[in-house]
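Report on the structure given below.
Along the sequence shown, the residues carry numbers beginning at 1. None of these values were measured; they are calculated from a predicted model.
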Amino acid sequence: MTLRGMQMQVDVITDLDTLAKVQKDWERLYEADPEAQFFVSWNWLVPYMRFYKGAWFVLAARLGNPGSPYVALMPLRMRTRMSGKTGLFFNEISMAGNNAADYTGAICDPLHAEEALKAFGRHVAQMGWARLNLENLRMSRERVFAFIGQFSRDIFAMREFSRVNAADNVDNCRCFSAALPDTFDGYLDNVLSTNTRQKLRRFMRKIDAGELRIARADATTYERDIDTLLELWRVKWGARKGDRLAGILHNNRRVLRESFKNGTLFLPVLWQGDRPLGALAIFVDPVKKALLFFMAGRDEAVTSIPTGLILHGHCIKLAIENGLTTYDFLRGDEPYKFAFGVTESKVNCAMIYTKSGRNAGDRLDPRSLGSIFAEVTRFHQEGQLARAENGYRQILASDATHSRALYGIGQLLSAKGDHREALAHFQTLATSVPTSSKAWLRLGMEMQALSRHIEAADAFRTVLSLAPDFVGAEFSLARSLAALERSEEAIETLEGLQHKLEAASRDDTLLVKTKAMLKRLKFENRPSYIMLNPDRKAATRVLSTAL
């Protein structure tokens, strides 16, 4: 319970139109929340979320009736994965900024933060998923415990993990930032070491003298400058990233472009003549009065010029001159950061997961069913029938009337001879989508395979009432009528079908089969006294005697 006995309510926002209506609440909470940080700001996170259409969602907590102002927001993202061990699909929830944000979290009205986080935890615990990634979570212990305390130990377990690069032993859970004084001279004199201060001043004089220059990306150069930065970064780090390189470059280029368009990117490039020596991508947060260093690239062949020191010094000087109070180096304990007078904080990395390894409640999240069905259909088409059947069954466990899954599993089961279960699925499909001629056709075919020809004939007649030109249903109807020894009706149906096919100039397998069946039925239904004696003369004598 919360203030005045009001229960915290959680809405789930999944579309951009609804999200747009929340912008004022989002910006109000961001400004009021002392724990809020740039990567959960509206200007940075919402454009990034749009890249993941259909996957992101925002938990929004309110006190009171619908329409009441929100007191907390938690942006998340869901994706679907498949277990290589079991072949089953499962859902995985991550923080919405994952893959680009150094920090993740929620934004809250400080007065209601813990109650809101408890409500968010309760809501997430009731959703269908197998893994919840709380990666790079920048949140107070009180808020973290309020959230994770809602997950039952009978169902869930939690594992905390580190983010240490094996290659260089950099711990990416350690974060460093510098508090900025009122003047740049004060920063140089009181924060930096003597050697660093002298070195920085010497090279900044080279900039003043024109030996070096720093140009800031603008509307005419930002595409070039982003490409320059990413190429310098690629030369340094590409080999280490391996197969992930293309994806990382694509993601970062997209983020940097959007950030420039939104006015949150500062990108200085250090030049020597026409040669770019290095560049920084810096995010600007005027609300929290911070600059955040995101990524760097430098010409590794140039060793006589301290590119990073010059660019960081330039950015810190501008930050101080513009009244900003924090220069954040973000994650990683690389040694060079300690030269800038930083203090340390940490982010949390943990995974909450179901002990079973399957989605809680053995149900898939409804929003993931479309993408799962597409994957299952691919399995079916490629002949991976066990995987396809597993997938169809998982979809139907979550949505028993999922029409395409009902049709798919019915086809699969029929092909392997399990007509009884196939029939059950097509019955469900025909009941839930009674206007589907294909559903009734498949229902009739399964009835036919089980020799339930009266019901099969009724199903085929339903098909023809819905789609009078469905010639396959006419042929199937004739087959069931013949099996019921209603030969005259079968012959009449086939004759009509033959006429229809020939009028349409069809010369295919169905016409061949129609003619063959019609010929057989007419032969089988000749007068019995002729059938008793196939000799023509004898048959004529019998006929004359009879007359």
Is it true that [X] and [Y] have a side-chain N and a carboxylate O under 4.0 angstrom from each other?
X      : Y      : answer
Glu502 : Lys515 : yes
Glu114 : Lys118 : no
Asp25  : Arg62  : no
Arg253 : Asp227 : yes
Lys522 : Glu495 : yes

Residues in salt bridge (Lys or Arg N to Asp or Glu O under 4.0 Å) contact with [X], at least two apart in sequence or another chain:
X      : answer
Glu160 : none
Asp285 : none
Glu492 : none

If we count only N and O atoms by modelled type, under 3.5 Å, do the side chains of [X] and [Y] hold a donor and an acceptor together?
X      : Y      : answer
Arg254 : Asn251 : yes
Ser94  : Glu135 : no
His380 : Tyr392 : yes
Thr514 : Gln498 : no
Ser371 : Arg79  : no
Asp15  : Thr18  : yes

Mark yes or no for whether [X], through its side chain, and [Y], through its backbone, hold a donor-acceptor pair below 3.5 Å.
X      : Y      : answer
Arg77  : Trp56  : no
Thr264 : Phe283 : no
Glu35  : Ser140 : yes
Gln448 : Ser476 : yes
Thr431 : Gln427 : yes
Asn262 : Glu258 : yes
Arg461 : Leu477 : no
Asn91  : Leu364 : no
Glu92  : Arg81  : no
Ser68  : Asn65  : yes

Nearest-0.5 Å distance that lies between atom [atom1] in [X] and atom [atom2] in [Y]:
X      : Y      : atom1 : atom2 : answer
Ile491 : Leu481 : CD1   : CG    : 11.0 Å
Leu76  : Leu59  : CG    : CG    : 5.0 Å
Tyr70  : Cys108 : OH    : SG    : 14.5 Å
Leu88  : Arg387 : CG    : CZ    : 10.5 Å

Residues passing the ring pair (Phe, Tyr, Trp, His ring centres under 6.0 Å) test with Phe156, sequence neighbours excluded, are Trp129, Phe151
Mind checking what makes ring pair (Phe, Tyr, Trp, His ring centres under 6.0 Å) contact with Phe145, not counting sequence neighbours?
-> none
Where do Lys241 and Trp233 land on the side-chain contact (heavy atoms from CB on, under 4.5 Å) test, with the steps shown first?
-> CA-CA 11 Å; Lys241 302 304 179 183; Trp233 183 91; 3.9 Å; yes
For [X], look at atom [atom1] and say whether over 12 heavy atoms of other residues, nucleotides or ligands are found less than 6.0 Å away.
X      : atom1 : answer
Lys261 : NZ    : yes
Lys24  : NZ    : no
Glu382 : CD    : yes

Stepwise side-chain contact (heavy atoms from CB on, under 4.5 Å) test for Glu524 and Leu521 | CA-CA 5 Å; Glu524 290 175 352; Leu521 286 177; 4.1 Å; yes
Hey, mind stepping through Val46 and Trp26 against side-chain contact (heavy atoms from CB on, under 4.5 Å) and telling me if it holds?
-> CA-CA 10 Å; Val46 172; Trp26 193 307; 4.1 Å; yes
side-chain hydrogen bond (donor to acceptor under 3.5 Å, both in side chains) partners of residues 36-51, not counting sequence neighbours, each pair once = Tyr48-Tyr52
If we only count heavy atoms from C-beta on, is the [X] to [Y] side-chain gap below 4.5 Å?
X      : Y      : answer
Phe39  : Asn136 : no
Arg174 : Lys346 : yes
Met49  : Val58  : yes

Test log, rule side-chain contact (heavy atoms from CB on, under 4.5 Å), inputs Met447 and His419 | CA-CA 8 Å; Met447 293 287 192; His419 297 292; over 6 Å; no
Indicate the ring-plane relationship of His402 and Phe373, choosing parallel, tilted or perpendicular according to the 30° and 60° boundaries.
-> tilted
